[in-house]
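Structure record follows, encoded as structure tokens.
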Amino acid sequence: MASYSTNEFKGGLKVMLDGDPCTIVENEFVKPGKGQAFNRVKLRNLMTGRVWERTFKSGESLEAADVLELEMEYLYTDGEMWYFMLNDGSFEQYPAEKRALGDTEKWLKEQVIYTVTLWNDAVINVTPPNFIELEVTETDPGVKGDTAQGGSKPATLSSGAVARVPLFINEGEKLKIDTRTGEYVGRA
Amino acid sequence: MAADWQPSASIEALRERSRLLARVRSFFAERGVLEVETPVLGHGGSTDVHLQSLSCEATTDTGRERLWLQTSPEFHMKRLLAAGSGPIFQLARTFRDGEVGRRHNVEFTMLEWYRPGMALEALMGEVDSLIRSVLSADPGPCRYHRYRDLFREHLGIDPFTLPLVELRDLAAREGGLDMSQAERDDCLDLLMSHMIEPRLGQQGVDIVRDYPASQAALARRYHDDEDGTPVAARFEVYLAGLELANGYDELTDAQEQAVRFSEDNHRRRQLGKPEVSVDHRLLRALEAGLPSGSGVALGFDRLVQLALGKTCVADVMAFATPRC
């Protein structure tokens, strides 16, 4: 397996640290006036999402992590596993465990394309698109004539997520939601 | 993202940089310090274990030979001093392999000057004056600290006497890495760069002096007033957490200099680093007699960065290495 030296570290590089695949978030070269140089590195552990701050002596290296980020379409779940299919025409399918889905579980919708992170061919993370269109399955009745006011109410969406929506939104409407903040963007 | 043919710095920043270069030149003209230009290439390079030199091969009048890109114009400038130049300064292009980051660029501009007959304390004062003449805003008062006192104040340890085992533990804890095989200076370097440097120069210009004798580089050594511990007659200048300058009461003893060169190369072999050709002409210049005095090297790009309130040196360079 290839390895990367500290001077090759840059944002997005995937390396192994303490047995877990990590992505480098930030790399700062520090050197006291005349002495040993160090790299202060922030890494996100791809298994836990936690950010680590570590110092390396400049010139040290870390093993590369066999991590791929691929575009995949969500297919279905059998209750145990969630299935995704490569978007490149190969029809290759990858099962994901609940742990790998994390918060993305509430943003799943069939036929939508997700970014799936594979480590040694296993799914370790699934990222939803920034915006997704979902139907309102449950919300209090709309309030007529209140379109200009800023009030909001909770609405349950077809994927299971709950978002704050304007008072005029009704059940059955399709909405555009920002998955990063969970906020309502507009009617789809 | 800007297209990669474009400059790293804005044209406005380059205009400011040009104005600051002119200010530096007039600062030294007023003080009767001669501007010199010395070669970027040399037959010898810096043996400093923690500096990685670039080199190249060139066909010269003696045939094909290896030449070293200078990590500082020090050796050539000292040869001018030995030849009787009197006080000199230079805005030199220097090269350090692998130094890449917000505060570093492989190729950069060093403002280096030498003051024969001037005591180290007086040179510290002159560095402070130069910084003030370049910055338009007042950076705050200038304060002096002994290296030892900074460790006592910020970490509650004596860097000269704390047992190595305890020093390694502390460095490992602060850095989150294995320091069990580390040398004393490596531990001190980690603590200095991680725990102390970021706090320096926040209220003004901080000058650190009396470094451990093992970190003398090309400075004279003398004995600490407190308990006779040998220390290096060397100082560093910090502003806003940035190391700006490194100064020495210059080593003038040719024999001692030859020993330090060969110790450096010995250490390089131990660490598996390439050896660097020793500058024999510098040694001969020292034998002929280098006037005693002090000298300092200041990272000009960092000073411009601070003067313009930028966050990285690339913001004040026409084309930083990734764009060159």
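For clarity, every value in this text was computed on a predicted model and none was experimentally measured. Just so we're on the same page: letters track the sequence lines, and every chain starts at 1.
- There is no contact between B/L188 and chain A, counting heavy-atom distances below 4.5 Å.
- Heavy-atom minimum distance, A/F56 versus B/L177: CA-CD1, 4.2 Å.
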Let me see the donor-acceptor pairs closer than 3.5 Å between chain A and chain B, or none if nothing turns up.
unit_1	atom_1	unit_2	atom_2	d
A/E28	OE2	B/R102	NE	3.4
A/E28	OE2	B/R102	NH2	2.5
A/K31	NZ	B/H50	O	3.4
A/Q36	N	B/D189	OD2	2.9
A/T55	N	B/G175	O	3.2
A/T55	OG1	B/G175	O	3.3
A/T55	OG1	B/H194	NE2	2.8

